[in-house]
2 protein chains.
Amino acid sequence: MLQLSKKVEYALIALRHMAMNSHGHVFTAKEIAVKYNISYELLAKVLQKLTKSGVVVSLQGMHGGYTLVKRPDQVQISYIINVIEEEKPTIAECYAEGGEDCSLFDACTIRKPLEKVQHNLNLLFEKTTLEQII
Amino acid sequence: MLQLSKKVEYALIALRHMAMNSHGHVFTAKEIAVKYNISYELLAKVLQKLTKSGVVVSLQGMHGGYTLVKRPDQVQISYIINVIEEEKPTIAECYAEGGEDCSLFDACTIRKPLEKVQHNLNLLFEKTTLEQII
DNA sequence: ATAAATACGACTGATCCGGTCTTATATTAC
DNA sequence: GTAATATAAGACCGGATCAGTCGTATTTAT
Ligand code: SF4
Ligand code: SF4
């Protein structure tokens with residue numbers, strides 16, 4: 001309940017790892033997975049998503065790997081979650097994109113008031129960047 | 001991901017319903033379930049938990065039901081979640097009570113920094129009370 | 001006695017999620 | 001040009017969680 005998924009945690013751990021060390025350095029999925037005891041295949045998929053979203057760039061082939069290309073203070077946690085989960089973090093399905101198919105939608109009396117909570121959650125995850133977790 | 005469970009939503013809807021109407025009034029699980037299109041049995045279990053935690057009191061037998069006994073501004077959402085889920089809302093298992101059995105615990109580098117986010121989430125759910133969603 | 005309500009635990013089906021496996025492709029070293 | 005090493009991408013699986021249901025006991029007003 002309310003918890004970040006493992007994939008998001010792995011993304012944050014990997015990104016933090018990259019941010020901590022010299023910028024421009026290339027890290028392989030394997031070395032990060034080993035260092036932090038993360039499933040290699042899973043981490044690889046996470047890094048692939050981060051690549052597609054432009055947070056890191058990848059180099060294929062031998063001596064390949066991933067490089068962080070955004071400034072840590074420009075990488076919002078909300079963005080990472082959005083990239084990995086492929087949806088924004090919401091406290092109820094009706095706040096997600098096109099999520100008006102809750103059967104209670106019309107009768108629901110808490111949707112409107114909870115928008116404030118949702119908004120505050122957005123602010124929290126937006127103001128928290130990679131830099132904060134270094 | 002990050003979403004409140006249906007049970008928590010049902011609790012909030014029911015509590016709001018009670019708070020809106022005259023204090024001291026007795027509401028049955030059935031009438032609330034019908035009004036908001038919620039599974040009766042599920043709502044009943046939710047109200048039972050709220051009873052055990054002292055947010056409402058129950059009257060058994062005919063003409064029984066539930067009555068809100070706390071002032072809306074005294075009922076924190078964090079408390080409701082805690083009661084219904086039987087655990088505090090956390091963004092990672094390691095922040096839950098006795099939740100140090102994450103296999104990454106030692107190697108994890110984001111646990112410490114994310115405490116701040118957890119703390120802010122706590123504040124958000126604590127400062128949000130039933131009164132805010134009326 | 002009967003009806004109407006809460007109390008409580010067992011059960012079920014669907015969905016989600018962490019993790020694995022397989023195959024393809026790209027790049028470098030030799 | 002072949003072997004080695006890396007990313008890319010998608011299929012697959014087993015366990016856990018969760019919304020919802022059911023059955024049964026108990027309480028209380030009429
Ligand atoms: S409409 Fe109400 S019940 Fe449905 S998801 Fe939104 S808040 Fe929850
Ligand atoms: S220790 Fe790290 S990986 Fe484990 S639950 Fe806490 S934050 Fe997540």
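The basis for the numbers below is simple: all heavy atoms, side chains too, and nothing from hydrogens, waters or symmetry mates. Quantities reported herein were computed from a predicted structural model and do not represent experimental measurements. Order of the sequence lines sets the chain letters (A, B, ...), proteins ahead of strands, with each chain counted from 1.
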Which is it for A:Leu50 and A:Leu15 under the side chain to side chain contact (heavy atoms under 4.5 Å, CB included) test, yes or no, and what are the steps along the way? CA-CA 9 Å; A:Leu50 293 175; A:Leu15 288 173; 4.0 Å; yes
Report the C-alpha separation of A:Thr109 and B:Tyr36 in whole Å, then their side-chain angles, then the decisive distance to 0.1 Å, and conclude whether the side chain to side chain contact (heavy atoms under 4.5 Å, CB included) test is met. CA-CA 9 Å; A:Thr109 52; B:Tyr36 297 103; 3.7 Å; yes
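Distance CG (B:Asn37) to P (D:dA19): 17 Å, rounded to an integer number of Å. Between A:Gln3 atom CD and C:dC17 atom C1' there is a gap of 13 Å when expressed in whole angstrom units. Between A:Tyr66 atom OH and D:dT5 atom P the separation is 17 Å, expressed in whole Å. Atom pair A:Leu47:CG and D:dA9:P shows a separation of 13 Å (rounding to whole Å applied). Straight-line distance from the NZ atom of A:Lys49 to the C1' atom of C:dC17: 12 Å, rounded to whole Å. The nearest whole Å value for the distance from the CG atom in A:Leu4 to the P atom in C:dC17 is 13 Å. In this structure, B:Gln48 places its CD atom 16 Å from P of D:dA25, rounding to the nearest Å.
Note on residues 40-67 of chain A: pairs passing salt bridge (Lys or Arg N to Asp or Glu O under 4.0 Å), not counting sequence neighbours, are A:Lys49-A:Glu86. Among pairs with a residue in residues 60-71 of chain B, those fulfilling side chain to side chain donor-acceptor pair (under 3.5 Å) read B:Arg71-B:Asp73, at least two apart in sequence or across chains. Counting only residues at least two apart or on different chains, no salt bridge (Lys or Arg N to Asp or Glu O under 4.0 Å) pair has a member in residues 104-116 of chain A. Applying the salt bridge (Lys or Arg N to Asp or Glu O under 4.0 Å) test to every pair with at least one member in residues 7-30 of chain B, sequence neighbours left out, gives these pairs: B:Lys6-B:Glu9.
For the residue pair A:Ser5 and A:Glu85, a side-chain donor N or O sits within less than 3.5 Å of a side-chain acceptor on the partner. Side-chain contact annotation: B:Thr90 with B:Gln118, donor-acceptor N/O pair under 3.5 Å absent.
Formation of a donor-acceptor pair under 3.5 Å by the B:Tyr10 side chain with backbone atoms of B:Leu47 is not found in this model. Checking side-chain atoms of B:Asn37 against main-chain N and O of B:Ala33 turns up no donor-acceptor pair under 3.5 Å. Of the possible donor and acceptor atoms, one in the side chain of A:Tyr79 sits under 3.5 Å from a partner among the backbone N and O of A:Ser53.
OP1 and OP2 of C:dT6 both lie 4.0 Å or more from every side-chain N or O belonging to B:Thr51.
Under the 4.5 angstrom side-chain criterion for Ile, Leu, Val, Met, Phe, Trp and Tyr, the cluster partners of B:Ile134 are B:Met20.
With axes fitted over five pairs at each extremity, the angle between the ends of the helix from C:dA1-D:dT30 to C:dC30-D:dG1 is 10° (10° resolution).
Of the residues in residues 38-45 of chain B, B:Tyr40, B:Lys45 come within less than 4.0 Å of DNA chain C through at least one heavy atom, sorted by number. DNA chain D lies under 4.0 Å from no heavy atom of any residue of residues 76-89 of chain A. Contacts with DNA chain D (heavy atom under 4.0 Å) in residues 6-13 of chain B: B:Lys6, B:Lys7, B:Tyr10, listed by number.
Residues that satisfy the side-chain contact (heavy atoms from CB on, under 4.5 Å) test with B:Thr128, not counting sequence neighbours, are A:Val117, B:Ile77, B:Leu124, B:Gln132. Residues satisfying the side-chain contact (heavy atoms from CB on, under 4.5 Å) criterion with A:His23, sequence neighbours excluded, are A:Leu68, A:Pro72.
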Reading nucleotides 24-30 of chain C 5' to 3', which nucleotides get B (base under 4.0 Å from a protein heavy atom), which S (sugar-phosphate only), which -? --BBBS-
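Side-chain contact between B:Ser78 and B:Ile80: absent, with no pair of heavy atoms (C-beta onward) separated by less than 4.5 Å. Two residues are said to be in side-chain contact when any heavy atoms from C-beta on lie closer than 4.5 Å; B:Gln74 and B:Thr129 fail this criterion.
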